[in-house]
Amino acid sequence: MSGSPPTIASRPQPRSLLGVVVVRRGVLPAGADEVTAEAGGRVLLVGDGVAAAATDLTSAADVTLWEAGEFAPAAWSAVLAAELDGGTIDADVIIMPASPDGRDFAPRLAATLGRGLVANAIAVRAHEIVAERYDGRLAEHSPMRGPVVVTLIPGVRGVAPCQLAPRIRTFTPAVPDPAVAGDPEVVDAEVLAVLPADPATIALTEASRIVGGGHGMGSADAFALLADVAAAIGASLGGTRVVADLDWIPFERQIGTTGAIVAPRLYLAFGVSGAVQHTSGLGSPDHVISVNLDGSAPMMAMADLAIVADAPAVVAELRRQLAGPAGVATERTAGERAPAVSAVIIP
């Protein structure tokens, strides 16, 4: 029987993935472990104090250390481009955290390499990249048509620890640093000073300590006291969708699937019931403390320390203890009592 031969659909070709994470003074940014896991455990740490930072990775199987000093995205991009062209580094897909440094470095590297850039991804698959658009209301699926640079939103995936000790090696560029060589095309900004982040204004995705409140706080005035407590302990303020809808907090302070996806080391929850829309945006905090009148609330079950008490009263007392001059607690008014605690639950 005559006719054209059948067409065989081509399968997506295997692609080499590499996580690239900027390190400052030995500290990993938010999302570093998730980028490493998304890249199959293969990661390049670049910056200042990379050896110390490598010990904090849990999902790494193959770690390359590049002690490159202070943040210099233009110079680093030129060096990496030369190494990729020369075959020293193999990476069709480069994944970075969507942290401040990652969002700065990724477009520089993509432009230098002549690659496309997909920002705010939530998944990198064999044949496509899924990215978040319109504040999480839309998932954009982009076909993987060639080498690309991707930024991954911190907190969008879980991380399974690597069971084996990672292979660690040191990277020494084969080409000289173009900034040192005086290449006029490679110019980085001059750093005049590095200021500490203000917990009150830092993006929740970057906050290591978060004080969160829910509808159980009862009023906007109670939330104002919660903000004072957060400021006093150097934490960022966040909340649930309900309190954002009530205008007790700005929308950018909302935590959850329709708000910010966070990854704090410490989360203090006051009057938060623990609906899945909220807890699914919390990542995996090292420590969770919850205060709620309902001892059976999901947030209480998640907590390392669960205190059954009236959240607004506890916040008012904390604020009183923290607000006195030179750390001295202020006195209660006549007849005023400390908040009653009916139970302390340590799961």
Asks: According to the interplanar angle, ranging from 0 to 90°, do the rings of F171 and W66 count as parallel (below 30°), tilted (30 to 60°) or perpendicular (above 60°)?
Replies: perpendicular
Asks: Which heavy atom of P97 sits nearest a heavy atom of V20, and at what distance?
Replies: CD-O, 3.5 Å
Asks: Answer yes or no: is there a donor N or O on one side and an acceptor on the other, between the side chain of R103 and the main chain of A98, under 3.5 Å?
Replies: yes
Asks: Does CZ in R42 sit with more than 12 non-hydrogen atoms of other residues, nucleotides or ligands closer than 6.0 Å?
Replies: yes
Asks: Tell me if a side-chain donor or acceptor on T64 pairs with a main-chain N or O of L44 at a distance below 3.5 Å.
Replies: no
Asks: Any side-chain to backbone donor/acceptor pair from S208 onto R265? Under 3.5 Å, distance only.
Replies: no
Asks: Taking the side chain from R209 and the backbone from I233, do they hold a donor-acceptor pair closer than 3.5 Å?
Replies: yes
Asks: May I ask whether V242 and L268 are part of the same hydrophobic cluster, defined by side-chain heavy atoms of I, L, V, M, F, W, Y residues being less than 4.5 angstrom apart, directly or through others?
Replies: yes
Asks: According to salt bridge (charged side-chain N to carboxylate O under 4.0 Å, His left out), who are the partners of D198, at least two apart in sequence or on a separate chain?
Replies: none
Asks: Could you check D294 against S296 for side chain to side chain donor-acceptor pair (under 3.5 Å), going step by step and ending with a plain yes or no?
Replies: CA-CA 5 Å; D294 182 2; S296 62; 2.7 Å; yes
Asks: Output yes when a side-chain donor or acceptor of N120 lies under 3.5 Å from a complementary backbone atom of L152, and no otherwise.
Replies: no
Asks: Under a 3.5 Å distance rule, please check whether Q254 uses its side chain to pair with a backbone N or O of G238 as donor and acceptor.
Replies: no
Asks: Has Q277 got a side-chain atom pairing as donor or acceptor with T258's backbone, closer than 3.5 angstrom?
Replies: no
Asks: Quick check against the 3.5 Å criterion: does H278 have a side-chain atom that pairs as donor or acceptor with the backbone of I255?
Replies: yes
Asks: Please check if the number of heavy atoms outside H287 that lie under 6.0 Å from its NE2 is greater than 12.
Replies: no
Asks: Should the pair D48-R24 be classified as a salt bridge under the 4.0 Å nitrogen-to-oxygen rule?
Replies: no
Asks: Has the side chain of R115 got a donor or acceptor atom that lies under 3.5 Å from a matching backbone atom of D92?
Replies: yes
Asks: Using only atom types and a distance under 3.5 Å, with no angle test, would you say the side chain of E140 pairs donor to acceptor with the backbone of R133?
Replies: no
Asks: Report whether M217 and L318 are members of the same hydrophobic cluster (ILVMFWY, side-chain heavy atoms less than 4.5 Å apart, transitive linking).
Replies: yes
Asks: Report the relative orientation of the aromatic rings in F71 and F105; use parallel for angles under 30°, tilted for 30 to 60°, perpendicular for over 60°.
Replies: perpendicular
